[in-house]
2 protein chains.
Amino acid sequence: MQNKDTQTHILMVASGLFASKGYSAVSMRDVASAVGVTVANLYYHFKDKEELIRASLSHVFFERMSPLEGLLQQYASLDDRLEAFVSWIVQVIFGDELFTRLVFRELMDGTDERLEYLNKTVFQEPFDLLVNLIAECSGEAAPVMTAVSVVSLVLGNYQLARVLPYLTGASVESSSIEAVTRQVLLVLRSTLAPRAARRKV
Amino acid sequence: MQNKDTQTHILMVASGLFASKGYSAVSMRDVASAVGVTVANLYYHFKDKEELIRASLSHVFFERMSPLEGLLQQYASLDDRLEAFVSWIVQVIFGDELFTRLVFRELMDGTDERLEYLNKTVFQEPFDLLVNLIAECSGEAAPVMTAVSVVSLVLGNYQLARVLPYLTGASVESSSIEAVTRQVLLVLRSTLAPRAARRKV
DNA sequence: GTCTATATGCGGATAGAC
DNA sequence: GTCTATCCGCATATAGAC
């Protein structure tokens, strides 16, 4: 694995470090020693730290893109597709911490330029798919806002998983992939149900 | 404002820098020069950088705690209280970027110890209030999971606001405090409505 | 309390040998 | 491609004068 392709090896190690500690908390020395090469070697492959960061992001984001559209077409009913979508996104967010943490870091500190890249590479296609799916399910709800809500539910459940154990009565299992999928679907279906949701409770 | 209380002045400036750039991206020099004192002076008031970070967090989190319980008691009906709660949390998250960004940074990189502190100081009381409110509204839904969903919706809408402009059809106004409040309430009420939400759409 | 001065090591980055 | 050696400014942190 060492000499297969140093550049790729560097990117794998660097992206892991950046994801877990943040860009400025990780030095070129840190990366080099984790990879098992010298700092000078890093600079042979990447012009500077900024380029290493960008390349790490590209590497992770590009690698992770799966054929979502094909996946959804396997399902006939709209509801099955919704379920497949939610199941997919929860699995991505909860199952790939490296990817997910990099996304959060970009949302926090990414430049406009880098965010636009993230958007084109990662968000645009699945988001449009979701918006269309929701639009077909319900003429009532604003599809974009509902789609944002779905994504928010998944992201929030991930982020809050770290503090939930401290909050009384919140068991660890409520942050499992299955539980979150169920909860998001429950909320989504309620929202899409076209009946009087605004009644006073 | 300079000589009123240097320590407080330092904390205000430091917390702003930490919130916007991240802990490791901000050096003691940065803080000192932004405050208008020397680095040595910083070390007179705070033992080391870690202590300055902790003190900044305490400063912000302590300052921001408002009497939420009293606010809710002004409303008679459960639904009005729900609305008041959602309105409150959206205003906190969207209206106080310094606070919100520090929360996100802690959720990402905070140590267990610091997260526990955040929890006790900030999350516990409003979260319990919300859980109880939801439990009273509906015997059906799991109140804790629903409460997590509410918080997730608010956090997610905030984080996604930065990429929404890039996504087709998403206008900037959908991230306004009013729009988000409306959307969260809409979703929450749908979820709490005890009718058959699981029907196929 | 706040400063000047300084210690010591880490940070990004490069030149040139192999 | 990868290394050794090095530059130099910045980082955290302290001692001691005022």
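By convention in this document, chain letters (A, B, ...) are assigned in the order of the sequence lines, proteins followed by strands, and residues within each chain are numbered from 1. If you're wondering where the values come from, they're calculated on a predicted model, not measured in any experiment.
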Please table the atom pairs, donor to acceptor, closer than 3.5 Å between any side-chain atom in residues 115-123 of chain B and protein atoms at least two apart or in another chain.
residue	atom	partner	partner atom	Å
B:Tyr117	OH	B:Ser58	OG	3.0
B:Thr121	OG1	B:Tyr117	O	2.5

Results of side chain to side chain donor-acceptor pair (under 3.5 Å) for [X] - residues two or more places apart only:
X	value
A:Ser149	B:Gln183
B:Gln159	none
A:Tyr43	none

- Query: Starting at the 5' end of DNA chain C, which residue's closest nucleotide do you reach first, B:Asn41 or A:Ser24?
  - Reply: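 Taking each residue's closest nucleotide, the earlier one in sequence belongs to B:Asn41.
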- Query: Which listed nucleotide (C:dG1, C:dC3, D:dG1) is nearest to the side chain of A:Tyr44?
  - Reply: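 The answer is D:dG1.
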- Query: For the side chain of B:His45, counting heavy atoms from C-beta on, which of C:dG1, C:dC3, D:dT2 is nearest?
  - Reply: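 That would be C:dG1.
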- Query: If you look at every strand shown and take non-hydrogen atoms under 4.0 Å, does A:Ser27 touch a base, only sugar-phosphate, or nothing?
  - Reply: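 Sugar-phosphate, backbone atoms only, no base.
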Distance, rounded to the nearest Å, where [X] contributes [atom1] and [N] contributes [atom2]:
X	N	atom1	atom2	result
B:Ile53	D:dA11	CD1	C1'	13 Å
A:Ile10	D:dG1	CD1	C1'	10 Å
A:Leu42	C:dT14	CG	C1'	14 Å

- Item | Qualifying ring-ring contact (aromatic ring centres under 6.0 Å, His included) pairs with a residue from residues 45-64 of chain B, counting only residues at least two apart or across chains |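 Listed by first then second residue: B:Phe61-B:Phe99.
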- Task: Encode nucleotides 13-18 of chain D as B, S and - characters from 5' to 3', where the letter depends on protein heavy atoms closer than 4.0 Å: B to the base, S only to sugar-phosphate, - to neither.
- Result: BBB---
- Query: Any side-chain N or O of A:Thr6 under 4.0 Å from OP1/OP2 of D:dT2?
  - Reply: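 A:Thr6 to D:dT2 OP1/OP2: side-chain N or O found under 4.0 Å.
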- Phosphate contact (D:dC3 OP1 or OP2) by A:Thr38 side-chain N/O below 4.0 Å: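 Yes, A:Thr38 has a side-chain N/O under 4.0 Å of OP1/OP2 on D:dC3.
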- Message: Taking B:Arg182 first and then B:Glu178, would you say they form a salt bridge - that is, a charged N and a carboxylate O separated by under 4.0 Å?
- Response: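 B:Glu178 and B:Arg182: not salt-bridged.
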